[in-house]
Protein chains: 2
Amino acid sequence: MSALREKILHVATDLFHSRGINSTGVDTIVAVAGTTKMTLYKYFRSKEDLILEVLQKGHEDFQAWLNENLNRSSKHPAEKIQKLLDFIEEWVTSPDFRGMAFIKASAEFPNEESPVHKLSAEHAKEFRTYIASLASEAGISDSDGLALQLSLLIEGSMQAEQMKRGSGAIKYAKKAAKILIDTAPRKH
Amino acid sequence: MSALREKILHVATDLFHSRGINSTGVDTIVAVAGTTKMTLYKYFRSKEDLILEVLQKGHEDFQAWLNENLNRSSKHPAEKIQKLLDFIEEWVTSPDFRGMAFIKASAEFPNEESPVHKLSAEHAKEFRTYIASLASEAGISDSDGLALQLSLLIEGSMQAEQMKRGSGAIKYAKKAAKILIDTAPRKH
DNA sequence: TTAAATTTATACAATTCAGTATAGAAAATA
DNA sequence: TATTTTCTATACTGAATTGTATAAATTTAA
């Protein structure tokens with residue numbers, strides 16, 4: 001609950017996105033956060049620990065934000081999955097969007113044994129599982145399959161938008177998602 | 001045409017993929033390549049120049065490989081675009097696949113003004129343009145739109161496969177691609 | 001006010017980084 | 001064989017890297 005600890009987490013999140021994780025030194029982080037290395041290492045055992053916490057918090061915040069918006073938008077499962085891409089679009093096209101954290105982290109830590117890579121893969125899986133639960137509640141037979149397809153469109157759009165702002169990728173992803181959702185076989 | 005120059009390019013390509021670009025030092029590259037820094041800096045002005053050449057060569061090799069395979073598979077445009085995902089699958093599921101270079105490079109160089117990021121974005125655009133030409137020749141009305149959707153599925157699959165080998169993402173991407181291609185409006 | 005906890009300031013170690021200087025060895029060419 | 005080009009070996013610079021040690025200053029709590 002320390003204010004300094006949260007400030008460090010926030011600044012690190014920002015710098016990791018704008019400059020890359022491996023290109024951001026702890027000296028830069030503490031300088032921008034207005035503190036010192038001694039304080040950073042009091043709250044985080046190592047830079048890797050800081051990276052892992054940044055990823056974890058970002059993932060939790062994103063999932064919570066998405067879940068709240070979907071639950072607020074509708075109570076009917078069949079409608080919720082239709083709204084999924086709308087909220088993704090809202091996020092991706094917002095001015096402060098700078099890419100999906102677990103995609104970028106896995107690129108910077110390609111070794112599958114790396115804790116950062118492992119956590120990234122875990123978050124990607126949880127995201128798919130979440131979409132699959134939406135699809136299942138909406139009565140889709142192969143909910144895992146549709147969820148995987150939608151996640152490809154969504155993560156592809158995030159990647160495209162991160163590479164070039166205003167790519168418009170999400171617009172076409174929405175059209176493709178609608179076709180896939182509408183043509184997906186239902187349970188009964 | 002120097003053998004050493006090509007060896008350096010090959011080793012750098014390999015290390016960039018397996019350890020990441022920013023995590024790979026020129027000392028490591030020359031050690032693995034069995035040469036010295038003096039030789040590396042004779043052929044490449046800087047590490048950034050080496051990165052750019054690695055990206056460029058990888059992009060050209062990939063495009064040439066894909067184009068040759070598609071031309072060999074069929075002479076009918078309508079069939080070629082159907083085969084696109086098959087060859088992507090072949091590459092993505094091959095044991096030495098380690099991710100799409102321009103996706104990973106753009107993550108490590110997030111600054112849009114960075115030459116590495118710019119070249120990555122250029123390659124992504126050229127890839128989409130190539131798919132669009134296939135779609136156009138196949139008689140698709142909105143060839144750019146379908147190409148964008150297919151590229152999202154393809155790049156999403158590459159990302160998924162890079163994160164976790166044997167993800168099976170490409171299988172579902174193929175199913176989604178087939179639906180999108182089959183339902184896409186034709187010119188006449 | 002006194003005591004305890006937090007934070008800062010600084011200096012440091014040990015390593016790694018990109019890139020260069022110099023000189024000699026090896027290889028190709030004439 | 002003589003000459004030129006290529007490559008190696010090695011040492012170096014100067015900056016940046018993560019992480020720690022030590023002591024002083026500041027803030028919080030009693």
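First the proteins, then the strands, lettered A, B, ... as listed; each starts at 1.
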Below the 4.0 Å mark, does D:dT6 have OP1 or OP2 next to a side-chain nitrogen or oxygen of B:Thr39?
no
When you check the gap from the basic side-chain N to the acidic O, do A:Glu53 and A:Arg5 get nearer than 4.0 Å?
yes
Between P on D:dT17 and CZ on A:Arg19, what's the gap in Å once rounded to a whole number?
10 Å
I want to check one thing: is the phosphate of D:dT8, taken as OP1 and OP2, less than 4.0 Å away from some side-chain N or O of B:Thr35?
yes
Are A:Leu134 and A:Leu153 grouped together when hydrophobic residues (ILVMFWY) are joined by side-chain heavy atoms under 4.5 angstrom apart?
yes
To the nearest angstrom, the CE-P distance between A:Met38 and D:dT27 comes to 19 Å
Measure CG/B:Asp27 against P/C:dC17 and give the value in whole Å, please.
6 Å
Does A:Lys42 put a side-chain nitrogen or oxygen below 4.0 Å from OP1 or OP2 of C:dT7?
yes
Within the modelled atom types, does a donor on one side and an acceptor on the other bring the side chain of A:Lys37 and the base of D:dG19 under 3.5 Å apart?
yes
With the side chain counted from C-beta on, respond yes when B:Glu122 and B:His59 share a heavy-atom pair under 4.5 Å apart, and no when they do not.
no
Using a cut-off of less than 4.0 Å, is there contact between a side-chain N or O of B:Tyr43 and OP1 or OP2 of D:dT6?
no
A:Leu180 CG to B:Ile179 CD1 distance, which is reported to the nearest 0.5 Å:
5.5 Å
note: B:Ile29, atom CD1; C:dT16, atom C1'; distance rounded to Å ~ 14 Å
Take the protein atom OH of A:Tyr41 and the nucleotide atom P of D:dT22, then report the distance between them rounded to whole Å.
18 Å
Could you check how far CD of B:Glu48 sits from P of C:dG19, rounded to whole Å?
9 Å
Using a 4.0 Å heavy-atom cut-off, does A:Thr28 contact any base of the nucleic acid, only the sugar-phosphate backbone, or nothing at all?
nothing
Just the rounded figure in Å: distance from C1' of C:dC17 to CG of B:Leu50.
15 Å
Check the distance between C:dT15's P and A:Asn22's CG and give it to me in whole angstrom.
21 Å
Taking the side chain as everything from C-beta on, heavy atoms only, tell me whether B:Asp86 gets closer than 4.5 Å to B:Lys174.
yes
Minimum-distance nucleotide to A:Ser2 side chain [options: D:dA9, C:dA18, C:dT7]:
C:dT7
